[in-house]
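Below is one structure, written out as structure tokens, with a few remarks after it.
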Amino acid sequence: MLIFWRLLLAHLLADFPLQTDRVANFKRTSRKWMLLHCLTHAGLSAVLIWPYINEIWFTISGFRFYGWMAVAVILLTHYLQDMWRVYAIRKLHSHDGVLYFLWDQIVHIGILFALAAPALGDGSALPEKWVLMACLFTIITYGNTILSYFLDKTLYNAEFPRFDAKYFLMLQRAALWLFFLIPGWRWIPWATAWAGYSYYLRKRRILDLSRAGFYSGLGVTLIAGIMARNLYLGG
């Protein structure tokens, strides 16, 4: 399972921070941009699983499945899934809301799990510390912002936040997450005060989020903070 967590990190990095607004918009109308996006996924996956890329991950009826084959499958399936999403939204008029966003992520991550679960049979379910910390940081910053946007878009047809608002929101959530890593009990007043400050910013409309977007983002950050604290400090 160490391989799965590395593939998950590659997916999160390629689908969020490395999929800029420009790439996200252009891939909807250009297959070249779509291919570039999917090649980013495959390339990052290859880099992070490099120690295992030429090893046999599992064998089915005598067929040996190697790590490099997994990279090829990731490239193909991600391309097909993202092309289907674009087609469904543009041609079938499917609503590109929070449920579609979550479903898209479940499909991508499910494929990674199917590829990596039997890989090498190392029997370890726990990720490497640096991998999980990087996953959590990416989720509470970029992933959390996208989730809040799709939630507000579904409920209120909101527009995607401006560049400055987007990164201000990321920094605000990253700071709250980092407070959980303070040793001892001192993290409690710091995290509580920062959560209260975030609530004040929303009430003053400095954080332009609906109630649903604000509390969903806060909840994801708190869960990720507890996970990071347990991993990094052991409780």
Side-chain angles (χ1 to χ4, degrees), residues 4 7-46 65 69-117 135 138-163 165-167 169-170 173 207-220 223-224:
F4 166 73
L7 290 177
L8 178 61
L9 176 58
H11 168 75
L12 293 173
L13 291 175
D15 232 25
F16 297 129
L18 294 181
Q19 184 178 197
T20 63
D21 296 344
R22 184 180 183 184
V23 173
N25 290 328
F26 283 6
K27 78 174 190 178
R28 295 172 181 260
T29 57
S30 170
R31 293 188 178 183
K32 291 182 180 179
W33 280 91
M34 178 66 79
L35 182 59
L36 175 63
H37 168 65
C38 296
L39 284 171
T40 302
H41 273 268
L44 269 178
S45 299
F65 190 86
M69 294 180 181
V71 175
V73 172
I74 290 169
L75 173 62
L76 177 61
T77 56
H78 201 99
Y79 182 84
L80 292 175
Q81 169 63 17
D82 276 18
M83 285 297 293
W84 166 253
R85 183 180 180 186
V86 171
Y87 176 81
I89 293 169
R90 296 183 63 192
K91 302 296 185 180
L92 304 180
H93 306 292
S94 298
H95 181 61
D96 189 24
V98 65
L99 293 180
Y100 213 144
F101 166 72
L102 292 174
W103 169 250
D104 182 66
Q105 292 301 310
I106 289 171
V107 171
H108 288 314
I109 295 173
I111 291 171
L112 301 182
F113 184 82
L115 291 171
C135 286
T138 306
I139 289 171
I140 62 102
T141 51
Y142 289 89
N144 216 359
T145 300
I146 302 300
L147 176 62
S148 295
Y149 157 67
F150 274 112
L151 191 59
D152 280 1
K153 180 181 179 182
T154 299
L155 296 176
Y156 310 107
N157 199 30
E159 297 293 330
F160 194 76
R162 304 183 311 274
F163 179 87
K166 172 183 173 182
Y167 285 96
L169 183 59
M170 289 182 188
R173 288 170 173 169
L207 288 179
D208 192 15
L209 288 172
S210 69
R211 183 176 298 178
F214 174 77
Y215 284 112
S216 65
L218 182 63
V220 171
I223 293 171

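Taking the ring centroids of Y100 and W103, they lie at or beyond the 6.0 Å cut-off. If you look at F150 and F101, their ring centroids are closer than 6.0 Å.
Classification of D96 and R28 as a salt-bridged pair holds, one side-chain N sitting under 4.0 Å from a carboxylate O.
Annotation for T141 and T138: closest pair OG1-O, 3.3 Å, computed over non-hydrogen atoms.
Between H41 and H11, the two ring planes are tilted [angle within 30° to 60°].
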Contacts under 3.5 angstrom, residues 32-39 side chains, donor-acceptor by atom type, not counting sequence neighbours:
residue	atom	partner	partner atom	Å
H37	NE2	D15	OD1	3.2
H37	NE2	H78	NE2	3.3
H37	NE2	D82	OD2	3.3

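Atom-to-atom distance recorded for R85:CZ and R90:CZ is 14.0 Å, nearest 0.5 angstrom. Considering OH of Y79 and CZ of R31, their distance stands at 5.0 Å, rounded to 0.5 Å.
When the options N25, D21, T20 are evaluated for a side chain to side chain contact (heavy atoms under 4.5 Å, CB included) with V23, the one that passes is T20. Just one of V73, L7, T77 meets the side chain to side chain contact (heavy atoms under 4.5 Å, CB included) condition when paired with L112; it is L7.
A donor-acceptor contact under 3.5 angstrom links the side chains of R173 and S148, judged on distance only.
Between the side chain of S30 and the main chain of K27, no donor-acceptor pair closer than 3.5 Å is present.
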